[in-house]
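Data first, discussion second: the structure below is written as C-alpha cells.
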Amino acid sequence: MQRSEKILDLLAIHRTMSIHQLKEELFCSTSSLRRDLIDLEATGSIRRIRGGATLVSGTNFDYSSQFRNNLQVKEKEHIADIARDFVTNGMSLFLDSSSTVIKLCPYLDELRNITVATNGLHTSLLLGNSTHINTFITGGQLLNRSATLLGEEATDWITHMKADLAFISCRGVDADGIYDADIRQAKIKQAMLMNAKKTILLVDHTKIGTHFFHRICTFSQLHAIVTDQEPSETLKLAIENQGCLLLY
C-alpha cells in the first residue's frame, strides 16, 4: 500500500491528525510526509492545517480492505455471533464484501448444504476452504484497494439469483436509513436486498449516527439490524416503528 493511501486510511478514522501523529504511524520523514499531504490536498481529499491535516468534510472515501479488516474486530465478532442464529442448514445466502459480514464465515462452516453468492474475494476464499458450502462469486470490476467486485456485471449477476437471506453492512446509519460512500457498493447491496427473502444489516456502533451521499434503503426494507451497542432512543424508535428487529 502506498503511503498516501495509508494517510487517507488514517484520516478516514481520525478525521484530523498532526504531523507528529502521522509520522509515528507511517515511519517517514517530515519532508516526505509534507510532499504527500500537498499532493493529497491537490486531489481535494484532504485539507492541510497548521501542524497537520484533516479529511475534507463530506468526503465519500472508502477504506482499503486491509485497513478495514483491522477495525473494531471484537465488535464485528460479537455481531457475527448474534447473526449466526438467522442461518440454518440448507439456506442460500448473499454475503457482501464487508469486513463485518466476513466474520460470519467460520459459523457457516458448522452448517450443512449452504449456498453462498458473494462479491467479496476474501469472503469467497474463506468459504472455498469448506466442503459444506457451495460458493459462487460475481463477476465485475475489482475495486481499487479493495477485494470487492462491483459494477453493472456484478449487480446484474445478483439479479439472476434468489436467496433466503442477504447479509450486508454499510458505511452509515441515521434515522432515515442506511448509507454507503460508493454508489457501486450501494447498488450491489440494493440488488442483494431486492433478491433475498430477508435482509440482515450487520453494523458496528462507529457507523451509527453518520450518513453518506448514497442511501441504500430505509429500515422498512430490512428484517433486522445487528449491532454491538444500544443505539440512541431516537434511532431505536425509528428502527422499531418501521417493523425492523434490533439486536445487540
Side-chain angles (χ1 to χ4, degrees), residues 1 5 9 62-73 75-77 79-171 178 180-204 207 216 226:
M1 185 186 297
E5 294 176 344
D9 280 338
D62 213 355
Y63 310 149
S64 68
S65 59
Q66 179 182 349
F67 196 71
R68 286 187 289 113
N69 289 338
N70 293 318
L71 296 175
Q72 285 80 47
V73 174
E75 290 88 342
K76 292 171 183 176
E77 290 173 347
I79 290 167
D81 190 46
I82 297 173
R84 65 187 294 189
D85 291 337
F86 286 102
V87 188
T88 57
N89 292 329
M91 277 191 163
S92 56
L93 312 174
F94 290 137
L95 302 184
D96 75 8
S97 61
S98 67
S99 59
T100 306
V101 171
I102 199 173
K103 297 298 184 185
L104 272 176
C105 291
Y107 298 117
L108 299 182
D109 194 35
E110 300 171 5
L111 301 173
R112 295 292 182 273
N113 194 27
I114 297 294
T115 300
V116 173
T118 182
N119 68 318
L121 295 185
H122 291 328
T123 303
S124 65
L125 289 173
L126 276 177
L127 296 174
N129 292 323
S130 173
T131 58
H132 313 308
I133 302 172
N134 300 310
T135 304
F136 296 86
I137 187 164
T138 69
Q141 180 183 8
L142 182 62
L143 181 65
N144 291 341
R145 299 167 12 97
S146 173
T148 300
L149 293 167
L150 296 173
E152 185 176 344
E153 295 90 347
T155 302
D156 184 64
W157 190 90
I158 291 293
T159 63
H160 289 84
M161 305 294 168
K162 191 71 176 181
D164 295 309
L165 293 175
F167 288 96
I168 65 172
S169 191
C170 66
R171 284 290 303 277
I178 72 172
D180 215 293
D182 188 310
I183 191 170
R184 296 166 298 176
Q185 291 273 21
K187 283 185 176 296
I188 198 162
K189 292 174 186 186
Q190 288 167 344
M192 290 180 175
L193 185 153
M194 294 298 294
N195 290 279
K197 295 177 183 177
K198 294 179 180 179
T199 299
I200 317 296
L201 176 71
L202 310 185
V203 60
D204 72 73
K207 314 291 179 56
I216 300 169
V226 184

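Computed over heavy atoms, backbone and side chain alike; hydrogens, waters and symmetry mates excluded.
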Exercise. Answer yes or no: is there a donor N or O on one side and an acceptor on the other, between the side chain of S169 and the main chain of L202, under 3.5 Å?
Key: yes
The reported gap from CG in L150 to CD1 in I188 (rounded to nearest 0.5 angstrom) is 6.0 Å
Non-hydrogen side-chain atoms of L93 and L108 separated by less than 4.5 Å:
yes
Here the salt bridge (charged side-chain N to carboxylate O under 4.0 Å, His left out) pairs for residues 113-123, sequence neighbours left out, are none
Residues pairing under salt bridge (charged side-chain N to carboxylate O under 4.0 Å, His left out) where one sits in residues 87-100, two or more places apart or in two chains, turn out to be D96-K189
Separation between CD1 (I200) and CD1 (I79), nearest 0.5 Å, reads 13.0 Å
Sorted by chain and residue number, the side-chain contact (heavy atoms from CB on, under 4.5 Å) partners of I137 (sequence neighbours excluded) come out as L121, S124, L149
- Task: Check the surroundings of atom CZ in F136: do more than 12 heavy atoms from other residues, nucleotides or ligands lie under 6.0 Å from it?
- Result: no
Here the salt bridge (charged side-chain N to carboxylate O under 4.0 Å, His left out) pairs for residues 146-163, sequence neighbours left out, are none
Side chain to side chain donor-acceptor pair (under 3.5 Å) filter on D164, not counting sequence neighbours, yields S92, K197
Applying side-chain contact (heavy atoms from CB on, under 4.5 Å) to N89 and not counting sequence neighbours gives L111, R112
Requested in this report: List the steps, then state whether side chain to side chain contact (heavy atoms under 4.5 Å, CB included) holds for T115 with I133.
Outcome: CA-CA 6 Å; T115 300; I133 302 172; over 6 Å; no
Hits for side chain to side chain donor-acceptor pair (under 3.5 Å) against S130, two or more places apart or cross-chain, chain-then-number order -> D109
Sorted by chain and residue number, the side chain to side chain donor-acceptor pair (under 3.5 Å) partners of E110 (sequence neighbours excluded) come out as R84
Tested for side-chain contact (heavy atoms from CB on, under 4.5 Å) against N119, the lone hit among T148, L143, T155, I158 is T148
Taken in chain and number order and not counting sequence neighbours, the residues that satisfy side-chain contact (heavy atoms from CB on, under 4.5 Å) with A166 are F94, M192, A196, T199
Contacts satisfying salt bridge (charged side-chain N to carboxylate O under 4.0 Å, His left out) that involve residues 113-139 (not counting sequence neighbours) are none
Query - Check against side chain to side chain contact (heavy atoms under 4.5 Å, CB included), V101 and T118 - result: CA-CA 10 Å; V101 171; T118 182; over 6 Å; no
d(I114 CD1, L127 CG) to nearest 0.5 Å is 10.5 Å
Rounded to the nearest 0.5 Å, the OG1 atom of T100 sits from the NZ atom of K76 at a distance of 4.5 Å
Sequence neighbours excluded, the answer for side-chain contact (heavy atoms from CB on, under 4.5 Å) partners of E77 is V73, K74, K103
